[in-house]
Number of protein chains: 2
Amino acid sequence: MDRLKILVVDDESRMRKLVKDFLVRRNYEVIEAENGEQAIDIFFQTKGIALIILDIMMPKVDGWQVCREIRQYSDVPIIMLTAKGDEKDELLGFELGVDEYISKPFSPKILVARVEAVLRRTAGIDEEVIEIGGITLDKAAHQLKIDGEPIDLSYKEFELLTYFVVNKGVALSREKILNNVWNYDYFGDARTIDTHVKKLRSKMGDKGKYIKTIWGLGYKFEVD
Amino acid sequence: MDRLKILVVDDESRMRKLVKDFLVRRNYEVIEAENGEQAIDIFFQTKGIALIILDIMMPKVDGWQVCREIRQYSDVPIIMLTAKGDEKDELLGFELGVDEYISKPFSPKILVARVEAVLRRTAGIDEEVIEIGGITLDKAAHQLKIDGEPIDLSYKEFELLTYFVVNKGVALSREKILNNVWNYDYFGDARTIDTHVKKLRSKMGDKGKYIKTIWGLGYKFEVD
DNA sequence: AAGAACTATGACGAATTTGTGAATTTATCT
DNA sequence: AGATAAATTCACAAATTCGTCATAGTTCTT
């Protein structure tokens with residue numbers, strides 16, 4: 001697998017370098033941003049950022065603001081860097097959807113431990129309920145809800161949509177889809193995927209457009 | 001229904017406050033204890049504590065000790081707070097009858113998810129009477145009532161319906177049903193389930209529709 | 001701009017799965 | 001043992017899903 005991308009946002013270059021060093025050593029790819037605006041720009045222009053480490057204290061656009069803006073569109077895990085263990089901060093943070101906290105100064109051990117804990121937790125592999133862009137997939141109940149309304153899907157349709165959502169943002173070839181949603185011993189026509197996609201899109205109404213066609217390749221699920 | 005009471009035991013007031021805040025927001029009633037002795041006193045003096053959240057590291061009487069004492073008299077669910085994900089701790093904990101584990105630091109998402117998972121898991125299991133959507137299952141009497149009217153069910157039918165109701169909202173494969181309602185050593189035809197479902201549905205009248213077919217998978221009990 | 005390559009869509013039928021009534025086996029009670 | 005009820009199996013009917021195909025539409029290439 002590719003190295004996971006982590007976006008580190010801090011106005012102090014010294015701090016960025018410190019964090020970057022530890023993470024690079026653990027084989028993560030680190031992208032830096034030196035202020036809130038830049039962070040937001042980079043986040044929305046860069047595909048596949050797995051985690052954001054965000055300093056609270058920054059001039060102009062502070063960490064909270066960045067967090068709020070990103071949370072409107074994304075559930076990417078966010079770890080906040082805070083100067084001191086401030087209770088009030090911590091509460092506000094969790095309310096905004098912050099996943100973790102690290103108070104400065106911190107040891108590299110703590111940093112790496114929290115990063116890996118968060119990534120493990122949000123890996124989304126074993127989650128029973130996946131929620132994204134108004135689409136809720138309850139794997140246990142095998143039930144799709146759109147904006148809270150239950151929508152009936154056939155078995156294959158549900159499996160296919162789940163595969164799309166779990167691999168959101170990733171371009172999936174027909175072959176890959178067949179191998180994962182169908183069985184490896186299925187040798188039918190790959191065009192059958194098109195038919196299922198068609199049904200999914202129509203059952204999903206507005207949200208159908210999240211299943212995007214990638215011409216010459218396959219499909220991709222993406223919430224803008 | 002009354003709010004469920006949760007006893008939070010931790011020597012750090014900051015941690016108690018944090019936990020309490022999240023739980024209160026989810027409409028639980030939180031009782032605090034700041035050490036092991038107090039926790040035990042409060043637990044045995046207070047009626048209807050539904051769950052205990054227990055820090056391990058406490059001066060004098062630690063979490064393990066509290067757990068042992070309570071377990072002598074009660075099966076109340078216990079969630080342990082541990083500083084780090086220590087496997088050895090976890091093993092000991094499960095031996096003592098700990099239901100779940102949360103390692104600090106944790107996000108509110110994790111906290112609430114585990115609490116509700118434990119409550120869900122332990123609810124309905126020991127209950128003698130389960131009531132949902134006009135359906136009343138009296139386990140002791142092995143009796144079904146619909147809108148107060150007693151309906152006779154055979155042994156298997158009752159067992160099957162109970163399994164459905166306890167696992168309401170969960171898609172159940174035939175295999176899973178066989179393993180749980182029949183025995184693991186049953187090697188008969190899975191289609192026998194269909195027959196029982198048919199009889200259940202017809203005996204349940206209107207309410208029969210709560211047993212839903214999930215085509216290609218199995219069944220699901222759900223009250224709309 | 002025309003043609004090639006690919007995708008979307010609607011319709012149809014085969015295949016699979018489930019529903020149902022009846023027959024058969026198994027268990028229970030007197 | 002015989003009678004009764006329950007559990008299971010069986011066979012066929014009904015329902016649903018899935019894959020294919022033909023056609024229409026779109027995007028890309030030259």
Side-chain angles (χ1 to χ4, degrees), chain A residues 142-144 150-164 171-222, chain B residues 142-144 150-164 171-222:
Chain A
H142 225 254
Q143 173 76 61
L144 163 70
I151 310 257
D152 284 343
L153 294 185
S154 80
Y155 184 80
K156 267 273 146 58
E157 285 161 8
F158 188 87
E159 296 290 308
L160 180 59
L161 182 55
T162 302
Y163 183 63
F164 278 140
L172 301 163
S173 69
R174 285 191 172 65
E175 192 193 2
K176 208 168 182 181
I177 295 170
L178 279 186
N179 285 338
N180 283 280
V181 180
W182 277 256
N183 292 318
Y184 277 92
D185 57 359
Y186 175 80
F187 288 109
D189 194 340
R191 301 264 108 211
T192 190
I193 296 170
D194 298 31
T195 302
H196 283 274
V197 168
K198 172 192 54 167
K199 296 211 84 183
L200 268 182
R201 282 175 173 159
S202 82
K203 286 191 182 179
M204 289 166 70
D206 303 345
K207 318 279 190 202
K209 65 177 191 293
Y210 294 159
I211 301 175
K212 299 192 161 116
T213 302
I214 302 178
W215 212 88
L217 206 166
Y219 297 95
K220 175 173 69 164
F221 182 91
E222 199 166 42
Chain B
H142 230 253
Q143 173 73 55
L144 163 69
I151 310 252
D152 283 343
L153 294 185
S154 79
Y155 180 81
K156 269 272 144 61
E157 286 161 8
F158 188 86
E159 294 290 306
L160 180 59
L161 182 55
T162 303
Y163 183 63
F164 279 140
L172 302 163
S173 68
R174 285 189 174 65
E175 193 193 2
K176 209 168 182 181
I177 295 169
L178 280 186
N179 286 338
N180 284 280
V181 180
W182 279 256
N183 292 317
Y184 276 91
D185 57 358
Y186 176 82
F187 288 108
D189 192 341
R191 296 300 309 277
T192 190
I193 295 170
D194 298 34
T195 302
H196 284 275
V197 167
K198 175 190 52 166
K199 298 209 84 182
L200 269 181
R201 281 175 173 159
S202 81
K203 287 191 182 180
M204 288 165 71
D206 302 346
K207 318 280 190 201
K209 66 175 191 293
Y210 294 159
I211 301 175
K212 303 200 157 111
T213 301
I214 303 180
W215 216 88
L217 205 164
Y219 296 96
K220 174 174 70 167
F221 182 90
E222 199 167 44

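Order of the sequence lines sets the chain letters (A, B, ...), proteins ahead of strands, with each chain counted from 1.
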(message) As an exercise, state the distance from CD1 of A:I177 to NE2 of A:H196, rounded to the nearest 0.5 Å.
(response) 11.5 Å
(message) B:K156: which residues meet the salt bridge (Lys or Arg N to Asp or Glu O under 4.0 Å) condition with it, sequence neighbours left out?
(response) none
(request) Report the distance from atom CG of B:D189 to atom P of C:dT25, rounded to the nearest whole Å. (result) 16 Å
(request) Round to the nearest Å and state the distance from A:R191 atom CZ to C:dA5 atom P. (result) 14 Å
(request) Give me the residues of residues 209-220 of chain B where at least one heavy atom lies under 4.0 Å from an atom of DNA chain C, by number, or none. (result) B:T213, B:I214, B:W215, B:G216, B:L217, B:Y219
(request) Please work out if A:S154 contacts a base, only the sugar-phosphate, or nothing of the nucleic acid, heavy-atom cut-off 4.0 Å. (result) sugar-phosphate
(request) Not counting sequence neighbours, which residues clear side-chain contact (heavy atoms from CB on, under 4.5 Å) with A:R191? List them please. (result) A:R174, A:D189, A:D194
(message) If I take atom CD from residue B:Q143 and atom CD1 from residue B:I151, how far apart are they, to the nearest 0.5 angstrom?
(response) 8.5 Å
(request) Starting from the first five and the last five pairs of the helix from C:dA1-D:dT30 to C:dT30-D:dA1, work out the angle between the resulting helix axes, to 10 degrees. (result) 30°
(message) Measure CD1/B:I193 against C1'/D:dT9 and give the value in whole Å, please.
(response) 14 Å
(message) As a test of reading the structure: which of C:dT20, D:dA7, D:dG19 is closest to the side chain of B:D194, going by heavy atoms?
(response) C:dT20
(message) So, using ring pair (Phe, Tyr, Trp, His ring centres under 6.0 Å) as the criterion, who are the partners of A:Y155 when residues are at least two apart?
(response) A:H142
(request) Using salt bridge (Lys or Arg N to Asp or Glu O under 4.0 Å) as the criterion, list what pairs up with A:D152, not counting sequence neighbours. (result) none
(message) From NE2 of A:H142 over to C1' of D:dT17, roughly how many Å is that when rounded to an integer?
(response) 14 Å
(request) With the side chain counted from C-beta on, respond yes when B:T192 and B:Y186 share a heavy-atom pair under 4.5 Å apart, and no when they do not. (result) yes
(request) For B:W182 and D:dT8, give me the distance from atom CH2 to atom C1', rounded to whole Å. (result) 10 Å
(request) Return the value, rounded to whole Å, for the distance between atom OH of B:Y155 and atom P of D:dT8. (result) 12 Å
(request) Please tell me if the side chains of A:F221 and A:L172 come closer than 4.5 Å, counting only heavy atoms from C-beta onward. (result) no
(request) Measure from CD1 on B:I177 to C1' on C:dT18 and round the result to the nearest Å. (result) 13 Å
(message) Expected output is a numbered-order residue list: members of residues 195-205 of chain A with a heavy atom under 4.0 Å from any atom of DNA chain C. What is it?
(response) A:K198, A:R201
(request) Map A:A190 and A:L153 onto DNA chain D by nearest heavy atom, then report which one ends up closer to the 5' terminus. (result) A:L153
(request) Measure from CG on B:D152 to P on D:dA5 and round the result to the nearest Å. (result) 12 Å
Distance-only donor-acceptor hits, side chain of residues 209-216 of chain B, under 3.5 Å, sequence neighbours excluded:
| residue | atom | partner | partner atom | Å |
| --- | --- | --- | --- | --- |
| B:K212 | NZ | B:E222 | O | 3.2 |
| B:K212 | NZ | B:D224 | OD2 | 3.1 |
| B:T213 | OG1 | B:R201 | NH2 | 2.8 |

(request) Using only side-chain N and O atoms of B:R174, determine if any of them is under 4.0 Å from OP1 or OP2 of C:dT18. (result) yes
(request) Under the side-chain contact (heavy atoms from CB on, under 4.5 Å) rule, collect the residues that match up with B:S173, sequence neighbours excluded. (result) B:E175, B:K176, B:L217
(request) Answer whether the closest heavy-atom distance between the side chains of B:L161 and B:M204 falls below 4.5 Å. (result) yes
(request) Go through the structure and list residues passing side-chain contact (heavy atoms from CB on, under 4.5 Å) with A:T162, not counting sequence neighbours. (result) A:L137, A:K139, A:F158, A:V166
Expected rows: protein N/O vs nucleotides 27-30 of chain C N/O, under 3.5 Å:
none

